[in-house]
Structures are given as structure tokens and as C-alpha cells.
Protein chains: 2
Amino acid sequence: MADSPNRTAADPNEEIMRATYRALQEHGYADLTIKRIAEEYGKSTAAIHYHYDTKDDLLAAFLDYILDQFQNTVHEVETTDPEQRLDLLLDKLLVDAQDHLDLLVAMLEMRSQAPYKEAFRERFQQNDEYVRYMLSTVIDQGIQDGVFNDVDAEHAARALMTIVDGGRTRAVVFNEEASLATARQTAEEYVTAVLAVDQSGDG
Amino acid sequence: MADSPNRTAADPNEEIMRATYRALQEHGYADLTIKRIAEEYGKSTAAIHYHYDTKDDLLAAFLDYILDQFQNTVHEVETTDPEQRLDLLLDKLLVDAQDHLDLLVAMLEMRSQAPYKEAFRERFQQNDEYVRYMLSTVIDQGIQDGVFNDVDAEHAARALMTIVDGGRTRAVVFNEEASLATARQTAEEYVTAVLAVDQSGDG
DNA sequence: GCCTTTTGACTAACTGGTTAGTAAGTACTG
DNA sequence: CAGTACTTACTAACCAGTTAGTCAAAAGGC
């Protein structure tokens with residue numbers, strides 16, 4: 001109703017977000033300029049400035065755009081069984097990331113600017129809280145179901161996010177997907193050795 | 001012998017490294033310019049270019065300078081008892097970092113540029129291999145001493161480094177030392193629940 | 001007098017952002 | 001349906017500031 005589903009959706013904002021994404025893939029954040037976004041957009045730099053007053057405004061909007069997409073994919077995980085759900089969430093966070101390595105690079109660049117750009121920090125913080133809430137909720141569920149030990153779910157969620165962020169950082173710095181696989185395995189070990197109740201007596 | 005220990009050591013290279021360090025603390029890597037380094041150096045920008053042809057040359061030298069310092073502090077850990085030694089190493093990697101948060105920020109910025117600057121990547125890789133070697137060696141020692149399970153020491157070292165890098169990344173992005181403490185605790189949990197042999201039968 | 005070091009003045013390229021102006025579409029009015 | 005007003009979307013030209021890097025000349029130590 002509101003938006004007509006034309007082919008290639010002529011909404012300028014959406015187009016600029018897509019152009020920013022492509023420019024980011026090709027040049028990285030450090031070399032991202034309005035001009036390069038404009039080239040991807042196929043219009044002049046002033047056209048960009050017509051829609052976004054400053055570069056920072058555009059980048060803040062881009063973070064909203066991209067983190068919203070990410071949260072939607074995380075939201076898709078619908079299994080209710082705690083152990084399986086936690087596994088699927090960790091897959092989303094670490095395995096799926098392998099298909100967007102260039103985005104992972106750009107995101108680490110932007111994350112490293114969080115100390116200087118409050119708009120960035122706020123958005124990354126909000127996103128982190130969302131994911132942590134998903135994790136601690138499923139961990140709490142596992143505790144109630146008796147499949148997880150009675151640990152501090154908040155801490156366990158932070159621990160898993162630390163492993164996730166470590167794997168992502170290392171994948172970018174060392175340019176190797178294997179870092180994501182290592183992190184995935186480490187997360188699994190944490191779940192098995194710290195969270196899961198010991199059933200060795202049931203043999 | 002080789003270097004005369006004058007007060008304020010008049011060695012230009014050393015002075016420029018120190019100036020770079022200060023400029024990095026004050027402006028961060030993204031806003032680090034030759035001009036700003038020169039201001040800290042107290043000389044002109046051309047004076048910097050006399051000692052280093054390009055900005056990249058200078059930054060590569062700076063990474064050598066700073067990572068060498070870091071490796072020296074890690075090398076100081078002299079305890080031989082595996083469990084205690086691993087604890088002290090993790091303290092060096094996570095607890096001591098709290099005193100150099102601004103450096104942690106700059107280092108994450110530089111790490112995020114590894115995909116674009118091979119000189120950076122090489123140095124971070126070499127540094128990581130050094131620390132991982134220290135970790136896997138002490139883990140192997142613990143296995144031989146019978147205090148650690150017979151795990152893959154190489155993997156365990158990578159797992160711990162993943163937690164370390166995760167803690168550091170999160171400390172920078174969210175501007176909170178607590179992320180380092182959480183990572184330290186997570187590393188401890190990993191050591192206790194995955195590495196340490198289970199002595200519950202001895203009580 | 002020579003060699004290292006440093007300076008000041010410079011350049012060419014690029015940065016984000018501003019401006020006036022244009023063209024097309026939409027909405028209101030009588 | 002014609003005329004007016006306004007909005008959206010854009011362009012070309014331009015600006016002031018910053019960047020890394022160059023070069024001839026000068027300063028300073030031995």
C-alpha cells in the first residue's frame with residue numbers, strides 16, 4: 001500500500017544504503033568517501049547531501065539499516081528447545097558470518113571508531129544488548145528445563161559474546177575464516193563444559 | 001654499551017616512536033597525521049620524512065617498536081608451574097591491558113586495517129604466533145604434568161586467544177574495562193572446565 | 001669543509017560540504 | 001481544466017581546509 005513494489009525499488013534512501021554497502025565492500029570504511037558512495041549511487045555527491053546533511057548522519061543511518069537486517073536474521077531462529085536454539089544462535093553469529101567477510105571487515109573498522117563516534121557506540125551497544133538478551137533468555141530457559149547448570153545467565157551470555165567477538169576480530173585481522181570455526185568450536189566447548197549439566201552418571 | 005643512557009635519549013628514531021605513541025593516544029589512529037606526530041616530536045613534518053620515507057614506513061616501524069615492548073613484558077613471566085604460569089599469562093594479556101586502554105583503542109584501529117595493509121597484518125600475525133606459542137607450551141607442560149586433560153594444546157591456545165581478543169575488542173567498542181574482567185573470568189572458566197583435570201573423585 | 005639534520009615554502013590531490021539553479025511531479029484553487 | 005504554488009530530486013561549480021610528500025637552502029656538529 002504505502003510503498004509500491006516497483007522493480008529495483010526507486011526509494012532514494014534505500015538506494016543510497018545499498019550504494020553505501022557496495023562502496024564499503026570495495027573500499028573499506030577508512031577509504032569510504034561521499035564521492036565513492038555517489039559513484040555507486042550513480043548520482044552526484046550533492047545528491048547524497050540532499051538526503052543526508054552530513055557524512056556522519058549517513059553512516060548512522062547505514063548502521064541502523066545494517067544492524068536492523070542483522071537482527072531480523074537472528075530473529076528468524078524459532079526453535080524452542082534450549083540446547084538446539086543456542087546452537088542455532090551461535091551458528092547465526094559465527095557460521096553465517098563467513099558469507100559476509102568483507103562486511104565483517106568494514107564492521108570492525110566502524111566498531112574501532114566507537115570511542116570517537118558516540119552515534120556508532122550507541123548503535124553497537126544496542127545491537128549487543130539485543131543479541132545478549134536472546135542468549136541469556138535461552139540460557140535461562142535451559143536452566144529451568146534442567147539441561148543447563150544454574151549459572152549466571154547474564155554472565156554466560158557475555159562470555160559467549162566475548163568468544164563471538166574474538167572470533168570475528170581474528171577472522172578480520174588474520175584474514176582467515178578458520179578463526180570463525182575455532183570460535184564456533186570454543187563456544188561449543190563452553191556450552192558443553194560450563195553450561196550443560198554433567199550426565200556422566202547416567203552412562 | 002651501544003646506546004648511551006642520556007636523559008631524554010637523543011636518538012631520533014626512539015624520539016619519533018615516542019612522539020607517535022603520544023599522537024596516537026591523543027588523536028587515535030584514524031586522525032593520526034604526520035603533522036600531529038611532528039608536533040609531538042617538536043620538529044617539522046619534513047624532519048619526520050627525513051627519517052622515514054613514507055607514513056607507512058613509520059607506522060610499520062612503530063608496530064615493531066610497540067609489539068616488541070609487549071613481547072618483552074610477556075617474556076617476563078617466569079613461573080614454571082603450568083597452572084600458575086597460565087594464570088599469569090592471562091593476567092598479562094587481559095588485566096594489564098586495563099592500564100593502557102587508549103593504546104588498546106589505537107591497536108584495534110590498526111588491527112582493523114590489517115586487511116588493507118600487509119605490513120600491519122604480518123606484524124600482528126607474528127605477534128599472535130608468539131603469544132600462542134607461549135600459551136600452547138605451558139598447556140603442553142600442564143598435560144605432561146597431569147594437571148591438564150590431554151587436549152589439543154594448539155586449539156586450546158587459539159581458544160584462549162579468541163577470548164582475549166574478544167575481551168579487548170569489547171572493551172574498546174563499549175568503552176568499558178568490565179569487558180576485560182568478563183573475558184578474564186571466561187578464560188578462567190575455560191581453563192577450569194575444559195583444561196583442568198576433574199578431581200571431584202578425590203574429595 | 002663536510003656530513004647529518006632540519007626548516008620553510010611549496011605542490012598536487014583529495015576531503016566534506018555549500019551554493020544557485022533546474023526539471024519534473026504533485027496539490028490546491030477557482 | 002487552467003493556473004499557481006510547492007516539493008522532491010537532482011546537477012555543476014565551487015569553497016576552504018587538510019593530506020602526504022618534495023626540494024632547495026640553511027643550520028649545526030666534528
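From a predicted model like this one, the values you see are computed outputs, not experimental measurements. Throughout, protein chains are lettered first and strands after them, A, B, ... in sequence-line order, and every chain is numbered starting at 1.
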Review point. Any idea which of dT18(C), dT7(C), dG21(D) is nearest the Ser44(B) side chain?
Key: dT7(C)
Review point. Just how far, in rounded Å, is C1' of dT5(C) from CD of Glu14(B)?
Key: 18 Å
Exercise for review: Mind calculating the distance between CD1 (Ile48(B)) and P (dG8(C)) to the nearest angstrom?
Suggested key: 14 Å
Exercise for review: For Arg158(B) and Asp165(B), run salt bridge (Lys or Arg N to Asp or Glu O under 4.0 Å): C-alpha distance rounded to whole Å, both residues' side-chain angles, the deciding distance at 0.1 Å, then the answer.
Suggested key: CA-CA 10 Å; Arg158(B) 284 181 195 272; Asp165(B) 283 335; over 6 Å; no
Revision key, fill the gap. Walking DNA chain D from its 5' end, the first of Asp31(B) and Ile16(A) to be reached, judged by nearest nucleotide, is Ile16(A)
Practice item. Determine whether Leu108(B) and Leu108(A) make a side-chain contact, defined as any pair of heavy atoms from C-beta on separated by less than 4.5 Å. Key: yes
Practice item. Have a look at Thr33(A) and say if it touches a base, only the backbone sugar-phosphate, or nothing, with a 4.0 Å heavy-atom cut-off. Key: sugar-phosphate
Check your understanding: What's the NZ-P distance between Lys35(B) and dG17(D), to the nearest Å?
Key -> 12 Å
Review point. With a non-hydrogen cut-off below 4.0 angstrom, is Tyr52(B) in contact with a base, only sugar-phosphate, or nothing?
Key: nothing
Study note, to complete from the structure: Closest of dT18(C), dT7(C), dA20(D) to the His49(A) side chain is dT18(C)
Check your understanding: Among dT19(D), dG17(C), dG8(C), which is the nearest nucleotide to the side chain of Arg36(B)?
Key -> dT19(D)
Practice item. Counting heavy atoms from C-beta on, name the nucleotide in dT6(C), dT7(C), dG17(C) closest to the side chain of His51(B). Key: dT6(C)
Exercise for review: Considering only NZ, NE, NH1 and NH2 on the basic side and carboxylate oxygens on the acidic side, decide whether Arg184(B) and Glu188(B) come within less than 4.0 Å.
Suggested key: yes
Review point. Ile34(A) CD1 to dT11(D) C1': how many Å, rounded?
Key: 16 Å
Review point. If you check every side-chain atom of Lys43(B), which of dT15(C), dT7(C), dT18(C) has the closest atom?
Key: dT7(C)
Check your understanding: Using a distance-only test with no angle check, is there a side-chain donor-acceptor pair under 3.5 angstrom linking Tyr190(A) and Glu189(B)?
Key -> yes
Check your understanding: Does Arg18(B) come within less than 4.0 Å of Glu14(B), counting only side-chain N to carboxylate O?
Key -> yes
**Study point:** Value in whole Å for how far the C1' atom of dA27(D) lies from OH of Tyr50(B)
**Key:** 13 Å
Review point. Could you state the OH-C1' distance from Tyr41(B) to dT6(C), rounded to the nearest angstrom?
Key: 9 Å
**Study point:** Listed nucleotide nearest any side-chain atom of Ala46(A), set dA12(D), dG17(C), dA20(D)
**Key:** dA12(D)
Point to revise | Side chain proximity check, Asp81(A) to Val147(A), heavy atoms < 4.5 angstrom | key: no
Exercise for review: Residues of residues 53-60 of chain B with any non-hydrogen atom less than 4.0 angstrom from an atom of DNA chain D: list those, numerically ordered, please.
Suggested key: Thr54(B), Lys55(B)
Review point. Lys92(A) versus Phe70(A): any side-chain heavy-atom pair under 4.5 Å?
Key: no
